[in-house]
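Quick notes on the structure that follows.
These numbers come from a predicted model, not from an experiment. Naming: A, B, ... by sequence-line order, numbering from 1 per chain.
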There are 2 protein chains.
Amino acid sequence: MQTDRLKGNLELLLLSALTMGPAHGYGLIRRLREMSEGFFDLPEGTVYPALHRLEREGLVSSSWTDEPGRPRKSYRLTPVGERQLAVERVAWQRFGTAVGAVMRGTS
Amino acid sequence: MQTDRLKGNLELLLLSALTMGPAHGYGLIRRLREMSEGFFDLPEGTVYPALHRLEREGLVSSSWTDEPGRPRKSYRLTPVGERQLAVERVAWQRFGTAVGAVMRGTS
DNA sequence: GTTCGATACCTAGGATGCCTAGGTAATGCA
DNA sequence: TGCATTACCTAGGCATCCTAGGTATCGAAC
């Protein structure tokens with residue numbers, strides 16, 4: 001069955017990571033890995049499409065850095081994204097509370 | 001984007017609910033609703049296929065009650081299911097810890 | 001000087017897993 | 001007789017994450 005709990009939480013993770021400041025995709029992968037002490041080691045094929053989705057929805061905005069060297073696409077939170085992050089945080093907590101109640105067998 | 005956090009946690013929820021004793025599908029839906037104070041109100045189309053999956057994997061076993069009235073298929077945890085539940089619990093907690101670390105911006 | 005690992009971007013298609021929407025049938029009450 | 005509730009089921013849809021492939025730059029090692 002191979003549970004993937006990530007489903008539905010990726011958005012929360014990416015938006016959270018961006019509150020520490022703008023970052024590009026590859027850097028976000030590293031940032032999430034560090035912040036979670038290695039727990040989240042997301043493949044690029046997961047993160048890049050997710051960022052594009054977030055941008056399409058207006059939660060993040062991107063800009064190419066015109067520094068020399070490797071091209072980098074920097075993402076930052078938009079005001080809409082910040083509001084959405086607050087919503088996600090509450091939703092996550094509620095979900096966790098409900099799961100906890102079921103696990104503990106109490107209502 | 002419509003996060004569905006249930007994905008990957010349904011197994012944990014069903015196995016947890018079954019620790020309170022055997023139950024049939026419809027009853028499990030009610031039990032989860034009560035234990036979570038209304039948070040989890042799972043559609044039948046979610047629960048029945050999941051129970052079949054759990055049975056195929058040997059985590060639960062089923063038996064039709066030969067009581068009169070409506071036919072009911074009662075599910076109970078198998079020993080394998082109990083072990084798997086313990087695994088799931090730890091996995092859930094680890095996941096929660098990791099998400100919490102990212103949300104709080106600390107490593 | 002070239003080979004390799006790390007950095008940095010991308011996408012098509014597959015797998016998974018929950019949900020929608022449909023179906024059947026028994027019970028009990030209005 | 002009709003309707004709500006209980007109780008079971010499944011096909012197909014859809015969203016989302018991942019696999020696996022691709023391109024290209026840079027620095028270090030050989």
Side-chain angles (χ1 to χ4, degrees), chain A residues 1-15 17 22-34 39-57 59-60 62-75 88 91-92 95 98-99, chain B residues 1-15 17 22-34 36 39-57 59-60 62-75 88 91 95 98-99:
Chain A
M1 193 176 251
Q2 177 69 342
T3 62
D4 62 332
R5 298 197 152 80
L6 195 60
K7 257 170 201 176
N9 291 304
L10 183 56
E11 181 175 352
L12 170 61
L13 292 176
L14 291 173
L15 295 181
H24 60 285
Y26 207 82
L28 274 173
I29 291 176
R30 213 171 352 182
R31 194 180 277 182
L32 282 171
R33 190 168 45 228
E34 285 161 9
F39 189 90
F40 293 120
D41 191 13
L42 307 182
E44 301 169 39
T46 293
V47 169
Y48 288 116
L51 286 171
H52 299 163
R53 210 162 59 225
L54 291 175
E55 185 166 30
R56 246 195 341 266
E57 293 168 2
L59 306 184
V60 303
S62 72
S63 58
W64 288 92
T65 61
D66 35 355
E67 294 159 25
R70 287 187 214 80
R72 291 177 177 184
K73 200 173 178 183
S74 186
Y75 290 91
E88 290 286 337
W92 162 258
F95 185 83
V99 171
Chain B
M1 195 176 247
Q2 176 68 344
T3 62
D4 58 338
R5 300 199 151 78
L6 195 59
K7 260 168 202 178
N9 291 302
L10 183 55
E11 181 174 349
L12 170 62
L13 291 175
L14 291 173
L15 295 180
H24 59 285
Y26 207 82
L28 274 174
I29 291 175
R30 212 173 351 185
R31 193 179 279 182
L32 283 171
R33 190 167 46 228
E34 286 160 8
S36 69
F39 189 90
F40 293 120
D41 191 13
L42 306 183
E44 301 170 39
T46 292
V47 171
Y48 287 116
L51 286 171
H52 300 161
R53 209 162 58 223
L54 291 175
E55 185 167 28
R56 243 191 347 262
E57 293 169 4
L59 306 184
V60 304
S62 72
S63 58
W64 289 92
T65 62
D66 36 354
E67 295 160 23
R70 288 188 213 79
R72 290 178 178 183
K73 199 173 178 181
S74 186
Y75 290 91
E88 290 284 338
F95 184 82
V99 172

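Residues A:Gly25 and A:Leu51 approach most closely at CA-CD1, 3.8 Å, considering heavy atoms. Here the closest non-hydrogen pair linking B:Leu28 and B:Ala17 is CD2-CB, 3.7 Å. Nearest heavy atom pair, residue A:Pro22 against residue A:Arg31, reads O-NH2, 3.5 Å.
Residue B:Asp4 contributes atom CG, which lies 17 Å from atom P of C:dT16 at whole-angstrom precision. The CG-P distance, from A:Leu6 to D:dC17, rounds to 6 Å in whole Å. Rounding to whole angstrom units, CG of residue B:Leu28 and P of D:dT6 are separated by 15 Å. Separating the CG atom of B:Leu42 from the P atom of D:dT6 is a distance of 16 Å, rounded to the nearest angstrom. B:Asn9 places its CG atom 18 Å from the P atom of C:dT16, with the value rounded to the nearest Å. Atom CG in A:Leu54 sits about 14 Å away from atom C1' in D:dA15, given to the nearest Å. In this structure, CD of A:Glu11 is placed 14 Å from C1' of D:dC17, rounded to the nearest angstrom. Put simply, NE2 on A:His24 is 11 Å from P on C:dC10, counting in whole angstrom units.
With sequence neighbours left out, the side-chain contact (heavy atoms from CB on, under 4.5 Å) criterion links A:Lys73 to A:His52, A:Glu55, A:Ser62, A:Trp64, A:Tyr75. Applying the salt bridge (charged side-chain N to carboxylate O under 4.0 Å, His left out) rule to A:Arg30 yields no partners; only residues at least two apart in sequence or on another chain are considered.
With D:dC17, D:dT10, C:dC18 as the candidates, the nucleotide lying closest to the side chain of B:Pro49 is D:dT10.
Within the 4.0 angstrom heavy-atom criterion, only backbone atoms of the sugar-phosphate kind lie near B:Leu10; the bases stay farther away.
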Inset, instruction - May I have the step-by-step check of side chain to side chain contact (heavy atoms under 4.5 Å, CB included) for A:Leu10 and A:Leu42, ending in yes or no? - result: CA-CA 10 Å; A:Leu10 183 56; A:Leu42 307 182; 3.6 Å; yes
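Within the 4.0 Å cut-off from OP1 or OP2 of D:dC8, at least one side-chain nitrogen or oxygen of B:Tyr48 is found. In this structure, B:His52 does not reach the D:dC8 phosphate: none of its side-chain N or O atoms is under 4.0 Å from OP1 or OP2. A close approach under 4.0 Å does occur between a side-chain nitrogen or oxygen of A:Lys73 and OP1 or OP2 of C:dC10.
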Collect all protein-nucleotide pairs involving nucleotides 19-25 of chain D in which both atoms are nitrogen or oxygen and the distance is under 3.5 Å.
unit_1: D:dT25; atom_1: O2; unit_2: A:Arg70; atom_2: NE; d: 2.9

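Contact of B:Lys7 with C:dT16 (side chain to base): no donor-acceptor pair of N or O atoms is detected under 3.5 Å.
Between A:Phe40 and B:Phe95, the ring centre distance stays below 6.0 Å.
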